[in-house]
Student: 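Please see the structure below; I have some questions.
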Amino acid sequence: MRVFVAGASGAIGTRLVPQLVDRGHEVIGTFRSPQHAERVRALGAQPIALDLLDPGAVRRAVLETEPEAIVHQATALANARFSRNFDRTFAQTNRLRTQGTDALLAAAREADVRRFVAQSFASYRYAREGGPVKTEDDPLDPTPVATTRESNAAMRHLEEAVTDAGGVVLRYGLFYGAANDGLIEPVRKRQFPIVGNGDGISSFIHLDDAAAATVLALEDDGAGIYNVVDDEPAPVREWLPVLADALGAKPARRFPRWLARLFAGDAAVVIGTEARGASNAKVKRELGWEPRYPSWREGFVAAYASIALAERRKPDPAARAGQSPARLSR
Ligand SMILES: NC(=O)c1ccc[n+]([C@@H]2O[C@H](COP(=O)([O-])OP(=O)(O)OC[C@H]3O[C@@H](n4cnc5c(N)ncnc54)[C@H](OP(=O)(O)O)[C@@H]3O)[C@@H](O)[C@H]2O)c1
């Protein structure tokens with residue numbers, strides 16, 4: 001199949017393109033930052049510079065390359081600084097999920113593209129009621145925290161537009177598996193605390209497993225929404241200590257809710273104490289997907305072994321102050 005991957009140079013795109021090429025697909029890969037052309041070419045795709053927020057350019061790119069399938073993996077989260085206001089951090093990504101999706105779908109219709117798969121998100125989106133793990137049929141949170149409303153609305157827009165058009169939406173868990181994963185620095189710096197009882201559930205997914213599910217979704221001929229998450233949705237109080245250890249970091253701090261609300265805002269409190277996780281039963285059943293890393297327990301260790309080793313080799317600052325390097329290395 002000729003596959004047009006929007007966002008081929010990003011975290012998921014760079015895992016997806018080689019898997020598509022290995023399966024014999026021909027890939028056109030878009031990038032936004034000029035320096036990423038070579039990255040996309042080296043992965044085995046035909047690189048194309050594209051701003052998804054320019055509908056005319058999107059139309060031209062799709063009509064000229066004549067793909068049979070489109071995958072929308074464009075976000076704008078590189079170097080994102082998470083603040084109390086999620087919507088501010090996600091503003092550009094929200095535009096990619098609304099205007100960008102609309103532009104790609106319009107071009108897909110005009111070019112008779114037969115498959116359309118788009119990225120969405122599973123963690124922290126389901127209604128905060130009932131059991132801890134939710135399926136695609138369960139309701140989304142009807143009252144998301146005020147500072148996340150625009151981001152939630154953008155994901156809803158993407159999901160409705162894509163499924164209305166007969167496409168597939170993949171609600172991925174939290175990505176991990178790269179050296180620049182967003183959680184690494186906050187966990188290393190002990191800026192990601194366990195809030196309250198740490199009961200909020202997160203769903204994770206290794207980037208290679210997310211890419212593998214995406215290939216299966218493309219090669220299938222069905223439509224609909226799939227959670228693409230690992231087998232073990234887990235509360236923060238369980239996974240955060242394991243992640244800190246896998247990174248060679250000191251244990252996470254514990255914050256009472258009021259303190260977390262003061263410093264990090266309501267969304268951080270909800271994520272840490274009330275959020276629900278997602279079930280992967282449907283993607284396994286319907287697409288035959290099996291994760292290579294069924295749990296973040298082994299996935300974190302595999303992904304971060306080299307980081308943890310470097311961290312543990314660093315002399316501790318107290319020792320460094322009083323001892324010579326030769327002595328430290330003993
Ligand atoms: N489910 C999740 O947990 C999740 C989802 C998404 C991202 N993340 C995390 O966020 C971090 C950053 O993600 P990332 O490395 O994929 O970077 P990113 O900045 O989010 O970029 C993703 C892709 O979208 C492209 N892009 C950005 N703006 C665009 C635009 N206006 N038009 C067309 N394409 C555009 C990028 O191109 P260029 O690279 O050329 O700029 C790249 O190919 C990573 O740690 C990642 O794991 C997590």
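Every number for a ligand or one of its atoms is a count from 1 in the order of the listing.
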Student: I want to confirm something. Looking only at heavy atoms, which of S33, A6, S9 is nearest to atom 41 (O) of ligand 1?
Tutor: S33
Student: Below 4.0 angstrom from a heavy atom of L52, which ligand 1 atoms are there? Numbered from 1 as shown, please.
Tutor: 30 (C), 32 (N), 33 (C)
Student: For atom 1 (N) of ligand 1, what's the nearest protein heavy atom and its distance?
Tutor: G173 O, 3.0 Å
Student: If I compare all heavy atoms of P294 with all of R292, which pair ends up nearest, and what's the gap?
Tutor: CD-O, 3.3 Å
Student: Counting from 1, what ligand 1 atoms have a heavy atom of L174 closer than 4.0 Å?
Tutor: 3 (O)
Student: Applying side chain to side chain donor-acceptor pair (under 3.5 Å) as the test, list every pair that has at least one member in residues 109-118; sequence neighbours left out.
Tutor: R59-E110
Student: Does H36 reach ligand 1 with a nitrogen or oxygen that is under 3.5 Å from one of the ligand's nitrogen or oxygen atoms?
Tutor: yes
Student: Checking a contact table here: which protein heavy atom is nearest atom 8 (N) of ligand 1, and how many Å away?
Tutor: F175 CD1, 3.8 Å
Student: Heavy atoms only, cut-off 4.0 Å: how does L207 contact ligand 1, side chain, backbone, both, or neither?
Tutor: neither
Student: Does the protein put a heavy atom under 4.0 Å from atom 12 (C) of ligand 1?
Tutor: yes
Student: Is it the side chain, the backbone, both or neither of A8 that has a heavy atom closer than 4.0 Å to ligand 1?
Tutor: backbone
Student: Starting from atom 31 (N) of ligand 1, locate the nearest protein heavy atom and write down its residue, its atom name and how far away it is, to 0.1 Å.
Tutor: D51 OD1, 3.0 Å
Student: How far is atom 44 (C) of ligand 1 from the closest protein heavy atom, and which atom is that?
Tutor: A11 CB, 4.1 Å
Student: Do N94 and H157 have a side chain donor and acceptor closer than 3.5 Å?
Tutor: no
Student: Under 4.0 Å from a heavy atom of F121: which atoms of ligand 1 are those, numbered in the order shown and with their elements?
Tutor: 1 (N), 2 (C), 3 (O)
Student: Please state which option from D181, T75, T93 has its nearest heavy atom closest to atom 25 (C) of ligand 1.
Tutor: T75
Student: More than 12 non-hydrogen atoms from neighbouring residues, nucleotides or ligands closer than 6.0 Å to CG on N79, yes or no?
Tutor: no
Student: Of all the non-hydrogen atoms in the protein, which one sits nearest to atom 10 (O) of ligand 1, and at what distance?
Tutor: L77 CB, 3.6 Å
Student: Please could you name the atoms of ligand 1 that A78 approaches to less than 4.0 Å, counting only its heavy atoms?
Tutor: 12 (C), 17 (O), 18 (P), 19 (O), 20 (O)
Student: May I ask you to say whether D137 pairs ionically with K282, meaning some side-chain N is under 4.0 Å from a carboxylate O?
Tutor: no
Student: Of the choices A210, P34, G7, G29, which has the non-hydrogen atom that lies closest to atom 23 (C) of ligand 1?
Tutor: G7
Student: Can you tell which part of Y176 has a heavy atom less than 4.0 Å from ligand 1: side chain, backbone, both or neither?
Tutor: neither
Student: Indicate, as side chain, backbone, both or neither, the part of R32 found under 4.0 angstrom from ligand 1 when only non-hydrogen atoms are considered.
Tutor: both
Student: Which pairs count as side chain to side chain donor-acceptor pair (under 3.5 Å) when at least one residue sits in residues 20-33, sequence neighbours excluded?
Tutor: R2-E26, R23-E219, H25-E219
Student: Provide the number and element of each atom of ligand 1 under 4.0 Å from a heavy atom of A76.
Tutor: 19 (O), 20 (O)
Student: What I'd like to find out is whether the side chain of V40 reaches to under 4.5 Å of the side chain of V17, using heavy atoms alone.
Tutor: no
Student: Over 60° means perpendicular and under 30° means parallel, so tell me whether F300 and W239 are parallel, tilted or perpendicular.
Tutor: perpendicular
Student: Side chains of R125 and S120: any donor to acceptor distance under 3.5 Å?
Tutor: yes
Student: When the ring planes of F204 and W296 are compared, do they come out parallel, tilted or perpendicular, using 30° and 60° as the limits?
Tutor: tilted
Student: Between S151 and D87, what is the shortest heavy-atom contact and its length?
Tutor: OG-OD1, 2.6 Å
Student: Going by the atom numbers of ligand 1, which of them fall below 4.0 Å from some non-hydrogen atom of Q119?
Tutor: 5 (C), 6 (C)
Student: Of the protein's non-hydrogen atoms, which lies at the shortest distance from atom 33 (C) of ligand 1, and what is that distance?
Tutor: L50 O, 3.2 Å
Student: Write down the atom of V62, the atom of P67, and the distance for their closest heavy-atom approach.
Tutor: O-CD, 3.2 Å
Student: Is there a polar contact between ligand 1 and A74, counting only N or O atoms under 3.5 Å apart?
Tutor: no
Student: Which of the atoms in ligand 1, numbered in the order shown and given with their element, are less than 4.0 Å from a heavy-atom of N180?
Tutor: 45 (O)
Student: List ligand 1 atoms under 4.0 Å from G182, heavy atoms only on the residue side.
Tutor: 45 (O)
Student: Using only heavy-atom distances, determine whether the side chains of T135 and Y126 contain a donor-acceptor pair under 3.5 Å.
Tutor: no
Student: Are V168 and V228 connected in a single hydrophobic cluster, I mean Ile/Leu/Val/Met/Phe/Trp/Tyr linked by side-chain heavy atoms less than 4.5 Å apart?
Tutor: yes
